2 protein chains.
Amino acid sequence: MERTRKPQQERAKKTVEAIIEAGFMFISRQSKETLTTTKVADIAGVSVGTLYEYFGNKEEILDAMYARFSEDVTAMLREVTPEVIRKTPDQGILHILQHLREMLSRDNQRYLHCAALLSQNLPEQHVAPIRQVLATLSLQYLSRNPEYINLPNLPVMNYIMTHGGIAALVHQLSSDDPMVTFDELSQGLATMARHMIEGSRRDAEQANP
Amino acid sequence: MERTRKPQQERAKKTVEAIIEAGFMFISRQSKETLTTTKVADIAGVSVGTLYEYFGNKEEILDAMYARFSEDVTAMLREVTPEVIRKTPDQGILHILQHLREMLSRDNQRYLHCAALLSQNLPEQHVAPIRQVLATLSLQYLSRNPEYINLPNLPVMNYIMTHGGIAALVHQLSSDDPMVTFDELSQGLATMARHMIEGSRRDAEQANP
DNA sequence: ATGTTTATTCGGATTCAACTCGGTTATGGA
DNA sequence: TCCATAACCGAGTTGAATCCGAATAAACAT
């Protein structure tokens, strides 16, 4: 027997939506630490009791926000996949990053305003689906561009690119005074991928002339 | 007027030490969420009141733990710097990573047992000094190996390597079922650095024959 | 229409962990 | 030995998270 319920009627869905929305509003002005269920309920225009009908505890509100973000990223990735797999690796990466920036700027830059929260607290549980979709994208890419399949180190390179790339991006986006611009970083990641691929190829040729 | 005091007598230093130690003990068995000041005080063998003499709030206990970790990493980096700058970039990276693993295994693997905490919660404030020392190390490296100075993209490459590398490592270390081994990842990071340097060189020669 | 059931909302009451504070004990030096 | 100060203690206070029983609204059957 669940202690929280799923919204069934239209107004209940609006309520849940308002609560998540209130969460984003609050976080964009204040921090995770100063967030209280009462304040979120107030902003959402509902009572605490109502809030607890749909969210078992405070964390679940944040979880819903993280999930929303994660879904938006994965949706974007799935959407651009067909175009990306037609490009060179570095151009594909640039393509993804341009769409990412566009996505982060939607809704009056909602996500960018919450960058501190998302970069410092996004739990692995919600990052995992993003990695998953990136892995799928890589596979599709290889399937359409088999010339890259034989590269040695491919799994490790992939691992570093996805984990490291996400981290570098997130850090750039949430920094007040970034050491590099988003464009420089995008370009750098794309260039890095190109060099890694070319380098691996050379290594392979060296070993197997 | 501070609300917390600095330990002056020997026994007070022992107390502070015991509290931080208790924090690590607790986290290695449970999580940040289930940690309470009372439980930490109990484990440390002191009363809550005493705990609050030296730590203004619960977060400060965790902060002390993060700081301890950060200091251990930076100390290690400073220690290996002289040897690292005598090696090739990829060998230097491997050297650092071997020492890192050794450091993480000290004290009965204290840090590895707290990997989830350190990887998910280590605040930027405590990562920054590590990046700082890495930046210094890079500068010293370049100073001793000026042949790398003219590489285009050096700042961005450095940014990606430090931010991305740290993230990939931390993820690997805290994962129950890592997709790659620590050694593979070390090797991958070293190889990646080599390819990026060689690739940048080629690009530069291409543009400026 | 009207009664009935179920969904939704409400906000005061409860709980529990963070934090406080006045009192006690230990230390170090005059 | 005595005093000032450091350290320690743990019951008591506070406030935010969470609960729950009553009130209201929608859905739906008759």
Side-chain angles (χ1 to χ4, degrees), chain A residues 1-67 117 121 123, chain B residues 1-67 117 121 123:
Chain A
M1 176 81 94
E2 287 292 342
R3 269 182 29 279
T4 60
R5 68 173 72 213
K6 293 262 174 302
Q8 296 184 269
Q9 300 176 3
E10 197 50 40
R11 66 171 168 157
K13 284 179 186 146
K14 286 254 175 67
T15 297
V16 170
E17 205 46 45
I19 292 169
I20 296 175
E21 181 64 29
F24 278 113
M25 295 232 273
F26 186 91
I27 290 294
S28 67
R29 309 234 161 270
Q30 308 214 20
S31 71
K32 189 189 174 188
E33 285 67 39
T34 59
L35 181 147
T36 72
T37 50
T38 311
K39 288 189 222 163
V40 171
D42 279 351
I43 296 175
V46 300
S47 76
V48 238
T50 300
L51 187 153
Y52 275 95
E53 284 290 318
Y54 304 106
F55 299 89
N57 56 50
K58 191 168 82 160
E59 265 310 297
E60 284 188 13
I61 303 170
L62 291 164
D63 258 13
M65 295 163 62
Y66 298 140
L117 175 78
N121 301 104
Chain B
M1 177 82 92
E2 288 293 340
R3 269 179 30 280
T4 59
R5 71 173 72 212
K6 293 261 175 303
Q8 297 184 268
Q9 300 176 6
E10 196 52 39
R11 66 171 169 159
K13 286 183 184 140
K14 285 254 174 66
T15 297
V16 170
E17 206 46 45
I19 291 169
I20 296 175
E21 181 64 29
F24 278 113
M25 295 231 273
F26 186 91
I27 290 292
S28 65
R29 308 237 161 268
Q30 308 214 18
S31 70
K32 190 190 173 186
E33 285 67 38
T34 58
L35 179 146
T36 70
T37 49
T38 311
K39 288 190 222 162
V40 171
D42 279 351
I43 296 174
V46 300
S47 76
V48 238
T50 300
L51 187 153
Y52 276 95
E53 286 288 322
Y54 304 105
F55 298 89
N57 56 52
K58 190 167 82 160
E59 265 309 299
E60 283 188 14
I61 302 170
L62 291 163
D63 258 13
M65 294 163 63
Y66 299 140
L117 175 79
N121 300 104

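Source: prediction; values computed, not measured. Sequence lines set the chain letters: A, B, ... in the order given, protein chains first and strands last, and positions in each chain run from 1.
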>> Strictly under 4.0 angstrom, non-hydrogen atoms only: write out the protein contact profile of nucleotides 22-28 of chain D, one letter per nucleotide from the 5' end, B, S or -.
In response: ---SSS-
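The separation between B:K13 atom NZ and D:dA7 atom C1' is 14 Å, rounded to whole Å. When the C1' atom of D:dC19 is taken as reference, atom OH of A:Y54 falls 16 Å away, rounded to whole Å.
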>> Run A:K58 and A:V40 through side-chain contact (heavy atoms from CB on, under 4.5 Å) and show every step you take.
In response: CA-CA 10 Å; A:K58 191 168 82 160; A:V40 171; over 6 Å; no
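Around the NZ atom of A:K32, the shell of radius 6.0 Å holds more than 12 heavy atoms that belong to other residues, nucleotides or ligands.
Closest approach of A:A18 to A:A44, counting heavy atoms only: O-CB, 3.6 Å.
The OG1 atom of B:T37 sits 6.5 Å away from atom CD1 of B:I61, with the distance rounded to the nearest 0.5 Å.
When DNA chain C is scanned in the 5' to 3' direction for atoms under 4.0 Å from non-hydrogen atoms of chain B, the outermost contacting nucleotides are C:dA17 to C:dT27.
Contacts with DNA chain D (heavy atom under 4.0 Å) in residues 18-29 of chain A: none are found.
For the salt bridge (charged side-chain N to carboxylate O under 4.0 Å, His left out) test, residues two or more places apart in sequence or in another chain that qualify with B:R5 are B:E53.
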Heteroatom pairs (N/O) under 3.5 angstrom, protein to nucleotides 11-17 of chain D:
{"from": "D:dA17", "atom 1": "OP1", "to": "A:K58", "atom 2": "NZ", "distance (Å)": "3.2"}
{"from": "D:dA17", "atom 1": "OP2", "to": "A:T37", "atom 2": "N", "distance (Å)": "3.1"}
{"from": "D:dA17", "atom 1": "OP2", "to": "A:T37", "atom 2": "OG1", "distance (Å)": "3.2"}

> Under a cut-off of 3.5 Å for both distances of each Watson-Crick or G-U pair, what dot-bracket string does DNA chain C give, using [ ] for crossing pairs and | for inter-strand pairs?
Replying inline: ||||||||||||||||||||||||||||||
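Between the B:D63 side chain and the B:Y66 main chain, no donor and acceptor come within less than 3.5 Å of each other.
Heavy-atom distances to DNA chain C give each of B:E53 and B:E59 a nearest nucleotide, and the one nearer the 5′ end belongs to B:E59.
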